[in-house]
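Since the structure comes first, as structure tokens, the remarks are kept for the end.
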Amino acid sequence: MREDLQRSIATVLSELGIDVAPSDVVMERPLRIEHGDWSTNAALVYAKLLGKNPRDLANEICDKVADSGLQYLERVEVAGPGFVNFHLSIGWLHDILLDVIDKGEEGYARFDFGASERVNLEFVSANPTGPIHVGNGWWGAYGDSLGRVMARCGYTVHREYYVNDTGRQVRMLGESVLARKFDSEIPDDGYQGEYVSRLAKSYSGPADAMVAGKWASEMILEEIKDTLASIGIEYDAWFSQASIEESGALNETINELRIKGLIEERDGATWFMSHTAGLGDSRDRVLVRSDGTPTYLGGDLAYHRNKFLVRGFDRVIDIFGADHQGQVASLKCGMDALGVDTSRLEILIGQMISLVEGGKSGKMSKRLGNFVSLDELIEDLGSDAVRLLALMGSLDQANTLDLDVVRSQSMENPVYYIQYAYARICSLERVREERSIERVPIENVDLGVLSHPRELELLRVLETMPDTVREACEERAPHKVTAWVRKLAAAFHGFYHDCPILFQDPDQDDSALMQARLWLVEACRVASVIAFSLLGVSTLERM
RNA sequence: GCGCUCGUAGCUCAAUUGGACAGAGCAUCUGACUACGGAUCAGAAGGUUGGGGGUUCGACUCCCUCCGAGCGCGCCA
């Protein structure tokens with residue numbers, strides 16, 4: 001329908017001398033129902049080019065499209081400064097219902113514009129020096145869900161977790177474990193959490209900090225995997241930082257940069273001249289320290305080079321915490337210098353999450369061991385509630401999580417609202433079977449009887465699903481799916497409340513209405529299954 | 001000090017990427033169960049979108065400037 005209107009409008013514009021591709025005609029769904037089903041701002045956009053008054057142009061568009069004989073087009077009018085509003089007959093919504101049923105769980109709101117582009121999606125990547133806490137893991141659901149959304153849009157998504165299994169922090173972890181084991185002082189920069197004591201008890205290896213640290217970080221990583229899996233986050237690869245260093249990938253990276261004259265030795269260290277060479281960084285960066293050990297950035301450059309140039313990903317998306325934003329410029333400079341088109345490297349920054357408990361907010365620190373673990377939160381709220389909570393807001397909003405509130409009001413979490421809608425759908429199906437009510441094939445059902453405002457509202461919501469998924473993908477904003485599914489649930493609850501679906505006596509006259517409503521419910525079920533799977537929230541047949 | 005991000009109802013967050021009267025949930029108040037699950041529905045109240053300028057048909061959105069917050073600014077990661 002939108003395409004029909006776009007074509008029609010583009011035709012009018014071309015008759016007036018402006019060549020516009022139909023897909024470039026902006027169509028919007030007005031917020032207010034009085035403004036019609038579809039609206040275009042074309043007259044406002046092109047009036048100046050034609051040297052016309054916007055309202056005059058709008059009137060021309062209005063008249064000509066009105067005469068075009070488009071199906072379902074009931075009324076066209078000009079409003080405001082020059083909007084053209086299209087009012088459609090409800091038949092176009094009944095077609096939506098057919099479309100949902102026809103395409104089903106597999107096909108509805110699915111796209112192929114990703115064109116199988118291979119995307120490497122890295123997220124969470126918290127250091128395995130302690131259990132994953134709420135701050136580290138908060139955007140995990142977001143990254144995971146983004147992957148699901150992109151996969152549905154035709155991308156080939158590869159999820160990856162970069163494991164920091166080398167370097168100073170691992171040694172500090174080892175020293176902390178050994179200190180606990182032998183009852184000595186934990187070093188100043190050591191890890192204080194009780195999990196260190198727990199690890200120390202089961203450690204039986206040599207009293208070597210590096211060995212103990214490796215061992216401990218491997219143990220911790222397994223716990224991290226379990227935690228993430230418990231909220232439905234799975235990875236295709238856990239990529240070891242040590243493997244990058246040991247494989248010589250860092251040296252290869254440095255050599256490539258050296259050939260381009262971007263490397264200097266200074267004070268015994270190896271520097272990347274990302275600033276001096278005019279690449280846009282705010283200062284030069286050390287890649288290899290004077291003691292020969294690689295810096296984090298050195299490893300990360302080699303890692304990203306590996307993603308692009310060794311493994312050949314078409315696109316790399318990293319979700320970093322705000323505390324890593326200082327690294328973005330250097331990384332982009334590095335990739336640019338290596339000949340990678342940096343528009344293929346998207347670094348999304350997730351703002352910090354602050355926790356409030358007992359009315360007070362506190363800093364979480366893995367070192368001090370005073371963090372709230374993600375496991376704890378999952379245990380308190382359940383994985384679905386945690387996921388949905390994290391998928392409520394946008395990445396660049398610093399979230400505040402009041403633990404007392406989410407715990408005490410966990411029943412008010414929107415997750416129950418949407419799951420309840422799904423449970424009601426399932427309940428209807430159970431009752432239908434109990435009463436032995438047959439479902440008539442949709443092609444034999446008169447959908448024209450669906451005209452109750454609640455029914456139309458529901459159909460309108462269903463109609464917006466494909467666009468929502470597309471936007472969520474293109475804008476890397478999976479939380480839009482959350483907003484949408486809440487809208488669907490609200491529309492469904494309203495419909496359910498006002499519109500009886502299963503009539504007591506199936507032989508009475510309104511069985512036609514019952515059949516149409518049953519298909520509407522089925523469409524809601526299909527859409528819910530899709531949306532829930534994109535969010536990674538489970539569908540419950542009973543609650 | 002410099003850089004990045006942000007500031008929206010009492011609280012937690014949205015807002016079709018520049019669109020029409022800025023929307024939800026929680027909290028507060030008032031109503032609604034003889035169909036199928038009341039974990040629901042309907043309504044009320046709540047705002048100068050941090051302040052001030054600018055750009056234009058039109059600004060929460062873009063530009064400038066103040067104010068305020070978070071995060072960076074290591075041969076840590």
Side-chain angles (χ1 to χ4, degrees), chain A residues 26-32 34-35 39 41 43-45 47-48 53-55 79-83 85 125-127 129 164 167-169 172 189 241 266-271 282-283 285-291 293-300 321-329 349 351-352 354 389 392-402 405-406 409 411-414 416-417 419-421 423-424 426-432 434-435 454 464 467-468 471 474-475 477 479-480 482-483 486-487 489-490 492-505 521 542-543:
Chain A
V26 177
M27 300 299 300
E28 286 171 331
R29 294 182 190 76
L31 292 88
R32 311 186 151 272
E34 314 89 86
H35 293 150
S39 168
N41 62 2
L44 293 158
V45 174
K48 196 172 284 180
N53 178 306
R55 281 204 60 114
F83 291 103
N85 296 336
S125 296
N127 293 348
T129 51
N164 249 292
R168 207 181 87 93
Q169 305 214 4
M172 290 310 303
D189 288 344
Q241 182 181 355
R266 203 193 299 162
D267 305 324
T270 303
W271 290 74
S282 56
R283 51 184 281 275
R285 309 282 170 175
V286 174
L287 300 185
V288 179
R289 285 182 274 264
S290 51
D291 67 0
T293 60
T295 61
Y296 181 81
L297 179 65
D300 215 16
D323 52 342
H324 283 70
Q325 56 85 357
Q327 173 191 347
V328 173
I349 300 297
Q351 292 304 310
M352 292 285 137
S354 55
L389 221 44
M392 292 277 291
S394 86
L395 207 57
D396 41 35
Q397 188 66 241
N399 289 53
T400 310
L401 190 62
D402 189 321
V405 170
V406 292
Q409 299 176 350
M411 291 306 282
E412 303 292 347
N413 187 299
Y416 300 97
Y417 185 79
Q419 284 181 322
Y420 184 47
R424 277 179 151 177
C426 296
S427 170
L428 282 169
E429 189 59 18
R430 283 194 298 270
V431 174
R432 183 184 70 78
E434 277 167 25
R435 297 190 192 167
R454 295 295 204 179
T464 60
D467 278 352
T468 301
E471 281 167 24
E474 290 176 339
E475 298 165 25
H479 69 285
K480 299 213 163 190
T482 312
R486 292 177 70 189
K487 230 182 273 174
F492 181 81
H493 284 309
F495 161 70
Y496 183 92
H497 186 268
D498 288 357
C499 302
I501 295 148
L502 298 167
F503 298 103
Q504 291 289 24
D505 179 3
V521 171
R542 288 191 166 83
M543 293 177 66

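In what follows, chains carry the letters A, B, and so on, assigned in the order in which the sequence lines appear, proteins first and then strands, with residues in each chain numbered from 1. Worth knowing before you read on, the calculation uses all heavy atoms, side chains too, and leaves out hydrogens, waters and symmetry mates.
Rounded to a whole Å, the NZ atom of A:Lys480 is 16 Å from the P atom of B:rG23. The separation between A:Arg542 atom CZ and B:rA39 atom C1' is 16 Å, rounded to whole Å. Distance OH (A:Tyr420) to P (B:rC36): 13 Å, rounded to an integer number of Å.
Although no hydrogens or angles enter the test, the distance criterion places no donor-acceptor pair under 3.5 Å between the side chain of A:Asp267 and the main chain of A:Ala269.
Checking B:rC13, B:rU5, B:rA77 against every side-chain atom of A:Asp396, the shortest atom distance belongs to B:rU5.
Between the side chain of A:Ser290 and the base of B:rC75, a donor-acceptor pair under 3.5 Å is found. Below the 3.5 angstrom threshold, one finds no donor paired with an acceptor across the side chain of A:Asn41 and the base of B:rA20. Between the side chain of A:Glu475 and the base of B:rU17 there is at least one donor-acceptor pair of N/O atoms closer than 3.5 Å.
Along RNA chain B, the nucleotide closest to A:Arg486 and the one closest to A:Ser394 are compared, and the more 5′ of them pairs with A:Ser394. Nucleotides of RNA chain B nearest to A:Met27 and A:Tyr496 differ in position, and the one nearer the 5' end is that of A:Met27.
Taking the ring pair (Phe, Tyr, Trp, His ring centres under 6.0 Å) definition, one finds that A:Tyr417 meets it with A:His493, sequence neighbours left out. Qualifying side-chain contact (heavy atoms from CB on, under 4.5 Å) partners for A:Asp402, counting only residues two or more places apart in sequence or in other chains: A:Val356, A:Asp404, A:Val405. Every side-chain contact (heavy atoms from CB on, under 4.5 Å) that A:Val521 has, sequence neighbours left out, goes to A:Ile425, A:Leu428, A:Phe492, A:Phe495, A:Ile501. Remark: A:Ala322 engages A:Ile349, A:Gln351, A:Met352 in a side-chain contact (heavy atoms from CB on, under 4.5 Å) (not counting sequence neighbours). A:Ser394 is linked by a side-chain hydrogen bond (donor to acceptor under 3.5 Å, both in side chains) to A:Asp396, counting only residues two or more places apart in sequence or in another chain. Listed by chain and number, the residues in a side-chain contact (heavy atoms from CB on, under 4.5 Å) with A:Asp291 are A:Arg289, A:Thr293 (sequence neighbours excluded). In this view, A:Glu429 and A:Arg432, A:Arg439 satisfy the side-chain hydrogen bond (donor to acceptor under 3.5 Å, both in side chains) rule, not counting sequence neighbours. Applying the side-chain hydrogen bond (donor to acceptor under 3.5 Å, both in side chains) rule to A:Arg283 yields no partners; only residues at least two apart in sequence or on another chain are considered. Residues passing the side-chain hydrogen bond (donor to acceptor under 3.5 Å, both in side chains) test with A:Thr400: none are found, sequence neighbours excluded.
For A:Phe83 and B:rG19, the ring-to-base geometry does not satisfy the stacking test (centroid distance below 5.5 Å, interplanar angle below 30°). Residue ring and nucleobase are not stacked for A:His479 and B:rA14 under a centre distance beneath 5.5 angstrom and an angle between planes beneath 30°.
Contact check, A:Arg29 against B:rA20: no side-chain N or O comes under 4.0 Å of OP1 or OP2. Between A:Arg454 and B:rA42 there is a side-chain polar atom (N or O) within less than 4.0 angstrom of OP1 or OP2. In terms of phosphate contacts, A:Arg266 brings no side-chain nitrogen or oxygen within less than 4.0 Å of OP1 or OP2 of B:rC75. Within the structure, a side-chain polar atom (N or O) of A:Arg289 is placed less than 4.0 Å from OP1 or OP2 of B:rC76. At the phosphate of B:rG3, neither OP1 nor OP2 sits under 4.0 Å from any side-chain N or O atom of A:Gln325. A:Tyr417 has a side-chain polar atom (N or O) that falls below the 4.0 Å cut-off from OP1 or OP2 of B:rC41. For the pair A:Gln327 and B:rC76, the criterion of a side-chain N or O lying under 4.0 Å from OP1 or OP2 is not met.
The residue A:Ile349 sits apart from the nucleic acid: no heavy atom pair falls under 4.0 Å. Base contact: A:His35 has a heavy atom under 4.0 Å from a base atom. At the heavy-atom level, A:Met392 lies under 4.0 Å from the strands shown only through sugar-phosphate atoms. Across all strands, A:Ala79 comes closer than 4.0 Å to base atoms (heavy-atom distances). At a threshold of 4.0 angstrom between heavy atoms, the contacts of A:Ser282 with the nucleic acid are absent. Residue A:Arg55 is classed as having no contact, given no heavy-atom separation below 4.0 Å to the nucleic acid. Within the 4.0 angstrom heavy-atom criterion, base atoms lie near A:Cys499.
Remark: the separation of the P atoms in B:rA59 and B:rG50 is 15 Å, to the nearest Å.
Against the 90° criterion about 0, the sugar-base torsion of B:rU48 places it in the anti range.
For RNA chain B, runs of at least 3 consecutive pairs of the Watson-Crick or G-U wobble type, with both hydrogen-bonding distances under 3.5 angstrom, map to B:1-7 with B:67-73, B:10-13 with B:23-26, B:28-32 with B:40-44, B:50-54 with B:62-66.
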If you restrict it to nitrogen or oxygen atoms, what contacts under 3.5 Å exist between nucleotides 10-12 of chain B and the protein, and what is each distance?
| from | atom 1 | to | atom 2 | distance (Å) |
| --- | --- | --- | --- | --- |
| B:rU12 | O3' | A:Thr400 | O | 3.1 |

Got a list of protein N/O to nucleotides 56-60 of chain B N/O distances below 3.5 Å?
| from | atom 1 | to | atom 2 | distance (Å) |
| --- | --- | --- | --- | --- |
| B:rC57 | OP1 | A:Lys48 | NZ | 3.1 |

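Across A:Ser39 and A:Asn85, no two heavy atoms sit closer than the pair OG-OD1, 3.0 Å.
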